[in-house]
Amino acid sequence: MNENSTIVVGFILQGIYQQSDLQALLFTAFLIIYIFILTGNTLVFAATVFNRALHTPMYFFLRHLSFLDICFASVTLPHMLMNLLSEKKTISFLGCAMQMFFFIFLGASVCYLLAVMAYDRYLAICHPLHYIRLMTKRACFLLVAGCWLTGLSISLVQTLLLFSLPFCGSDIINHFFCDILPLMKLHCPSFHIIDVERILTAFLVLATTFILILVSYILIIATILKIPLMGGRQKALGTCSSHILSVLVFYGAVMFMYLRPHSHYSDSMDKLLSLTYTVAPAVLNPIIYSLKNKQVKDTLRNMFIERNCSVGT
């Protein structure tokens, strides 16, 4: 063990904004955002469950994406809201490890699920005659289970490595949750293996899934261009537009965050990027899939009409 290492029993999270004058405003803003995330994704989840017309592979994957968005946001936002109202912005060693574990677990699962959703669109558009035979209920279940189990395995390795090595010096995390990069700054300088392992893990999760998504859409676009009628092209592309927007929102920030060298680390920039990929997808996905998808939009409208009618009677 490094002679300068210290026994850490907990950490202090400095949060998004350290000045006290905006704490109440930030709490109100993020509370509204969190309520919207819970409400919006729950509605999309319910729409794909209660409408039997949406019991198809595409909406099965969307249901799991909505559930993951709720869980992913719930890993960081509730504790951040609590810290905004608390003078002691602390988190225990075990609490920090658990937060990081679920953050990596759910974040990696989202990446693999987005890749699976791209594969689903590839089969539907490029191989429509074989789609029903290939994308069975069992196949959908195994694909989703694979996303969860792969995310679980990656998170377990990453968390065990990060928290098994000794920390040196400060116990202050300049962030609003226990993220990988801020915690790496607290490790003893000799442990460069963490940075190498972080890059490899990020490449394994982010780069590989993004390449799969990119290849899927290259093949999809090539197939769509062969469709003679413009209406057919627009219909085929319309089934992919919501997923494309979700991918751009999530991957844009997260790839810049974790695939860059450690020397380009910036506390303020990382807080902003972390907020972007932890909050923005969970906020925007219900809006994207409600506005861009007619079946989901019609189902939500019918749910509200039925509820208002039952209340009125």
Side-chain angles (χ1 to χ4, degrees), residues 33-75 77 102-103 105-125 131-132 134-152 155 205 209 212-213 216-217 238-251 277-307:
I33 289 172
Y34 186 54
I35 292 173
F36 182 86
I37 288 171
L38 295 178
T39 305
N41 285 284
T42 299
L43 287 173
V44 172
F45 183 92
T48 61
V49 169
F50 294 115
N51 186 352
R52 296 190 63 84
L54 301 183
H55 288 187
T56 61
M58 182 174 73
Y59 296 107
F60 175 78
F61 297 135
L62 175 59
R63 186 183 315 153
H64 282 268
L65 180 63
S66 297
F67 180 71
L68 277 170
D69 280 341
I70 292 173
C71 296
F72 192 49
S74 297
V75 171
L77 284 180
F102 282 107
F103 180 79
F105 167 38
L106 296 168
S109 299
V110 169
C111 291
Y112 286 106
L113 183 60
L114 288 172
V116 166
M117 293 173 77
Y119 174 69
D120 172 70
R121 291 300 83 207
Y122 159 75
L123 286 181
I125 295 173
Y131 181 73
I132 296 177
L134 294 173
M135 199 58 74
T136 61
K137 287 185 177 180
R138 183 174 182 273
C140 292
F141 175 80
L142 289 176
L143 285 169
V144 169
C147 295
W148 286 90
L149 290 175
T150 306
L152 179 66
S155 177
V205 177
T209 54
L212 289 173
I213 293 170
S216 296
Y217 276 109
T239 63
C240 305
S241 58
S242 299
H243 179 255
I244 292 173
L245 290 173
S246 295
V247 169
L248 291 175
V249 170
F250 183 79
Y251 275 87
Y277 70 77
T278 56
V279 174
V283 171
L284 294 176
N285 281 343
I287 300 173
I288 291 170
Y289 284 97
S290 298
L291 295 179
K292 300 287 291 183
N293 192 296
K294 187 176 184 300
Q295 286 181 290
V296 174
K297 183 166 58 178
D298 291 343
T299 301
L300 292 174
R301 185 187 298 114
N302 292 334
M303 288 171 60
F304 279 110
I305 291 173
E306 291 176 5
R307 183 180 182 279

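Since this is a predicted model, take the numbers as computed values, not measurements. The figures that follow rest on heavy atoms only: side chains count, while hydrogens, waters and symmetry mates do not.
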Legend entry - More than 12 heavy atoms of other groups within 6.0 Å of Tyr131 OH: yes
Inset, instruction - Compare every heavy atom of His243 with every heavy atom of Ile213, then report the nearest pair and how far apart it is. - result: CG2-CE1, 4.5 Å
Legend entry - Expected output: side-chain Ser155 to main-chain Gly151 donor-acceptor under 3.5 Å: no
Legend entry - Minimum heavy-atom distance between Ser109 and Cys147, given as atom pair plus value: OG-O, 3.5 Å
Legend entry - For Phe45, all residues meeting ring-ring contact (aromatic ring centres under 6.0 Å, His included), sequence neighbours excluded: none
Legend entry - Nearest-0.5 Å distance that lies between atom CG in Leu38 and atom OG in Ser74: 5.5 Å
Legend entry - Nearest atoms (heavy-atom pairs only) where Cys240 meets Ile125: SG-CD1, 3.4 Å
Inset, instruction - Please answer whether the main-chain N or O of Asn41 pairs with a side-chain N or O of Asn285 as donor and acceptor at a distance below 3.5 Å. - result: no
Legend entry - Gap separating the CG atom of Leu123 from the CD1 atom of Ile132, nearest 0.5 angstrom: 12.0 Å
Legend entry - Ala47 backbone acceptor or donor facing Asn51 side chain under 3.5 Å: no
Legend entry - Shortest non-hydrogen contact between Ile33 and Val279, atoms and distance: CG2-CG1, 3.4 Å
Legend entry - Side-chain heavy-atom pair Leu212, Tyr119 within 4.5 angstrom cut-off: no
Inset, instruction - State which residues pass side chain to side chain contact (heavy atoms under 4.5 Å, CB included) with Val75; sequence neighbours excluded, sorted by chain then number. - result: Gln99, Phe102, Phe103, Leu106
Legend entry - Other residues, nucleotides, ligands: >12 heavy atoms within 6.0 Å of Leu134 CG: yes
Legend entry - Residue pair Ile70 / Ile37: nearest heavy atoms and the distance that separates them: CG1-O, 4.3 Å
Legend entry - Those residues that, when tested against Thr150, pass side chain to side chain contact (heavy atoms under 4.5 Å, CB included) (two or more places apart): Tyr112, Ile154
Distance-only donor-acceptor pairs under 3.5 Å for side chains of residues 56-63, two or more places apart:
residue, atom, partner, partner atom, Å
Tyr59, OH, Asn293, OD1, 3.0
Tyr59, OH, Asn293, ND2, 3.0
Tyr59, OH, Gln295, OE1, 2.8
Arg63, NE, Thr48, OG1, 3.2
Arg63, NH2, Thr48, O, 2.9

Legend entry - Leu152 vs Trp148 side-chain heavy atoms within contact, under 4.5 Å: no
Below 3.5 Å, can you tabulate the donor-acceptor pairs from side chains in residues 135-144 to any protein atom, sequence neighbours excluded?
residue, atom, partner, partner atom, Å
Thr136, OG1, Ala139, N, 3.2

Inset, instruction - Search all heavy atoms of Phe72 against all heavy atoms of Thr278 and return the closest pair with its distance. - result: CE2-CA, 3.9 Å
Legend entry - Listed partners of Leu248 passing side chain to side chain contact (heavy atoms under 4.5 Å, CB included), at least two apart: Ile244
